[in-house]
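Structure, as structure tokens:
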Amino acid sequence: MRNDATVQGAAPNIDLRGKRDVEAAADRNRRRVFDVTCLTCGHSERVRVEPGDDRTVEHDRQNATHWVEYHEVGR
């Protein structure tokens with residue numbers, strides 16, 4: 001199903017009508033593992049996230065000015 005709506009201010013060469021990145025209901029209820037890397041200071045760790053948990057890692061909370069990336073492992 002295509003979405004024919006346009007977005008004001010979007011670049012003319014970007015097609016926003018394609019498939020949206022939406023998780024299946026079964027995927028929302030599984031445990032996830034993330035590699036977390038701070039691009040500012042180099043800190044890294046691997047964290048396990050339970051279903052429904054949307055908290056950030058302690059390093060991210062304590063250093064609000066740092067750029068922290070979260071990458072899901074083993075999808």
Side-chain angles (χ1 to χ4, degrees):
M1 183 170 143
R2 293 187 69 127
N3 180 359
D4 292 327
T6 57
V7 177
Q8 187 174 4
N13 62 340
I14 304 296
D15 182 9
L16 300 175
R17 297 173 293 173
K19 180 181 175 189
R20 294 185 177 156
D21 188 17
V22 178
E23 291 182 297
D27 282 348
R28 280 183 250 137
N29 295 324
R30 67 180 174 84
R31 293 182 179 94
R32 294 184 166 107
V33 177
F34 288 92
D35 278 336
V36 181
T37 305
C38 180
L39 302 177
T40 306
C41 69
H43 173 81
S44 65
E45 62 183 285
R46 182 170 280 191
V47 295
R48 181 177 173 188
V49 179
E50 297 294 324
D53 187 4
D54 61 353
R55 294 175 294 141
T56 57
V57 296
E58 188 69 25
H59 180 81
D60 198 0
R61 286 191 297 272
Q62 291 178 352
N63 302 286
T65 60
H66 288 203
W67 289 89
V68 179
E69 285 188 337
Y70 293 80
H71 293 282
E72 189 171 357
V73 177
R75 181 147 188 172

Start with the C-alpha gap between His59 and Val68, add the side-chain angles, then the distance that decides, and say whether side-chain contact (heavy atoms from CB on, under 4.5 Å) holds. CA-CA 9 Å; His59 180 81; Val68 179; 4.3 Å; yes

Can you spot which of Thr37, Asp35, Asp60 makes a side-chain hydrogen bond (donor to acceptor under 3.5 Å, both in side chains) with Tyr70?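 Option passing the side-chain hydrogen bond (donor to acceptor under 3.5 Å, both in side chains) with Tyr70: Asp60.
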
Let me confirm one number: the CD-SG distance from Glu45 to Cys38, rounded to the nearest 0.5 Å. 10.5 Å

Atom of Thr40, atom of His66 and distance for their closest heavy-atom approach: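 Where Thr40 meets His66 most closely, the heavy atoms are OG1-CA, 3.4 Å.
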
Please determine whether side-chain contact (heavy atoms from CB on, under 4.5 Å) holds for the pair Val73 and Arg46, giving the CA-CA distance in whole Å, both sets of side-chain angles, and the decisive distance to 0.1 Å. CA-CA 9 Å; Val73 177; Arg46 182 170 280 191; 3.9 Å; yes

With sequence neighbours left out, the residues meeting side-chain hydrogen bond (donor to acceptor under 3.5 Å, both in side chains) with Arg48 are none

Would you call Glu69 and Leu39 a side-chain contact if the rule is heavy atoms closer than 4.5 Å?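 They are in side-chain contact.
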
Test side-chain contact (heavy atoms from CB on, under 4.5 Å) applied to Val49 and Arg31, step by step: CA-CA 6 Å; Val49 179; Arg31 293 182 179 94; over 6 Å; no

